[in-house]
Amino acid sequence: MKNYWLFKAEPDVYGIEHLAAETRKTGRWDGIRNYQARNFLRDQVALGDKVFIYHSHCKVPGIVGSAKVVKTAYPDPTQFDPDSNYYDPKATPANPRWVSVDIELEEIFAELISLAKIKQCALTTHEALGEMVLLRQARLSVQPVKATEWNTIQQLRK
DNA sequence: GCCAACGTTGGC
DNA sequence: GCCAACGTTGGC
């Protein structure tokens with residue numbers, strides 16, 4: 001069964017525009033250094049799963065587009081690179097600690113769906129959205145999205 | 001830039 | 001294993 005996810009990104013570092021600029025619009029989702037997020041990536045993110053790309057730490061945070069998973073978890077190469085911001089001296093190729101997946105851009109939304117709008121709708125027209133991990137748990141950069149939530153968010157685009 | 005809400009580290 | 005100190009995320 002297909003699952004849905006939300007991946008957070010800082011657009012200044014690696015946002016949806018960067019993904020769009022990659023060969024075949026396919027990029028490596030690396031730099032995840034949170035165990036809960038890592039466990040989702042490693043254990044549950046499957047081929048063909050759909051992903052909302054969310055821009056955080058920017059002027060208007062929100063969902064900016066969608067992608068699909070084209071390669072499941074493999075060791076994140078940045079953990080072995082001393083020059084990388086994501087270098088982890090405790091990780092070795094024989095014993096990797098962090099994983100990446102590859103995703104392919106599907107769509108950049110004509111208008112982003114702002115966090116403010118999602119919150120607003122959760123309080124008014126679409127109460128179920130209040131259950132979204134996005135609104136319930138801070139600081140989780142890979143998080144599951146229910147199919148109903150995915151569909152509701154898609155409706156908000158109209 | 002502020003600061004709340006976390007997660008991580010390390011002394012004991 | 002507890003918990004204080006510290007670091008990071010991320011909205012505002």
Side-chain angles (χ1 to χ4, degrees), chain A residues 3-22 27-45 49-67 69 73-103 105 107-146 148-150 152-157:
Chain A
N3 287 313
Y4 299 90
W5 304 95
L6 182 147
F7 289 3
K8 288 184 186 172
E10 295 190 23
D12 292 345
V13 180
Y14 188 96
I16 201 162
E17 303 295 340
H18 296 85
L19 184 60
E22 301 271 16
R28 187 179 70 225
W29 209 256
D30 58 25
I32 301 297
R33 294 295 181 270
N34 167 287
Y35 287 105
Q36 204 182 344
R38 191 270 318 258
N39 292 346
F40 282 130
L41 280 184
R42 187 189 59 189
D43 305 332
Q44 295 191 42
V45 171
D49 281 0
K50 299 280 197 173
V51 178
F52 278 141
I53 305 298
Y54 178 92
H55 280 178
S56 67
H57 216 279
C58 54
K59 210 159 190 179
V60 184
I63 296 170
V64 291
S66 63
V69 177
Y74 58 97
D76 178 347
T78 64
Q79 69 192 307
F80 310 128
D81 177 5
D83 294 328
S84 168
N85 285 335
Y86 303 117
Y87 178 59
D88 183 345
K90 292 177 186 166
T92 63
N95 216 345
R97 181 178 289 194
W98 308 108
V99 298
S100 295
V101 301
D102 289 354
I103 60 174
L105 178 66
E107 194 176 3
I108 296 180
F109 296 164
E111 279 183 68
L112 100 169
I113 304 160
S114 71
L115 176 62
K117 178 166 187 177
I118 296 169
K119 283 181 172 173
Q120 174 69 23
C121 291
L123 290 173
T124 55
T125 50
H126 298 87
E127 275 186 29
L129 287 182
E131 298 301 313
M132 281 190 79
V133 177
L134 183 66
L135 302 187
R136 296 195 147 253
Q137 183 176 345
R139 309 178 42 181
L140 185 60
S141 55
V142 171
Q143 53 183 253
V145 173
K146 291 181 192 143
T148 51
E149 293 165 350
W150 179 278
T152 302
I153 295 283
Q154 292 287 2
Q155 281 177 34
L156 296 184
R157 296 172 60 190

5'-most contact on DNA chain B: K90(A) or A138(A), nearest heavy atom basis?
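Per heavy-atom nearest nucleotide, the more 5' residue is A138(A).
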Nearest heavy atom decides the nucleotide; on that basis, is H57(A) or N34(A) closer to the 5' end of DNA chain B?
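This one resolves to H57(A).
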d([atom1], [X]; [atom2], [N]) in whole Å:
X: I63(A); N: dG11(C); atom1: CD1; atom2: P; value: 12 Å
X: D12(A); N: dT9(C); atom1: CG; atom2: P; value: 14 Å
X: Q137(A); N: dT8(C); atom1: CD; atom2: P; value: 19 Å
X: E10(A); N: dT8(C); atom1: CD; atom2: C1'; value: 10 Å
X: L134(A); N: dG11(C); atom1: CG; atom2: C1'; value: 11 Å
X: L140(A); N: dG7(B); atom1: CG; atom2: C1'; value: 11 Å
X: W98(A); N: dT8(B); atom1: CH2; atom2: P; value: 7 Å
X: H55(A); N: dG11(C); atom1: NE2; atom2: P; value: 12 Å

Counting any heavy atom closer than 4.0 Å, what does K119(A) reach on the DNA or RNA strands: base, sugar-phosphate only, or nothing?
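Sugar-phosphate contact only.
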Separation of W150(A) CH2 from F52(A) CZ (nearest 0.5 Å):
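With rounding to 0.5 Å, CZ (F52(A)) is 4.0 Å from CH2 (W150(A)).
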Just verifying a value: how many Å separate L134(A) CG and I153(A) CD1, rounded to the nearest 0.5 Å?
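Separation between the atoms: 8.0 Å.
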Any side-chain N or O of K8(A) under 4.0 Å from OP1/OP2 of dG10(C)?
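It does, given that an N or O in the side chain of K8(A) lies less than 4.0 Å from OP1 or OP2 of dG10(C).
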OP1 or OP2 of dT8(C) versus the side-chain N and O atoms of Y86(A): is any pair under 4.0 Å?
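Answer is no, no contact under 4.0 Å.
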Between D76(A) and R33(A), is the closest basic N to carboxylate O distance under 4.0 Å?
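Yes, R33(A) and D76(A) are salt-bridged.
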Stepwise side chain to side chain donor-acceptor pair (under 3.5 Å) test for D102(A) and Y74(A):
CA-CA 9 Å; D102(A) 289 354; Y74(A) 58 97; 2.5 Å; yes
Side chain of Y35(A) only, please: which of dT8(B), dG7(B), dG11(C) is the nearest?
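Closest nucleotide among those given: dT8(B).
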Is any side-chain heavy atom of V145(A) closer than 4.5 Å to a side-chain heavy atom of W5(A)?
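They are not in side-chain contact.
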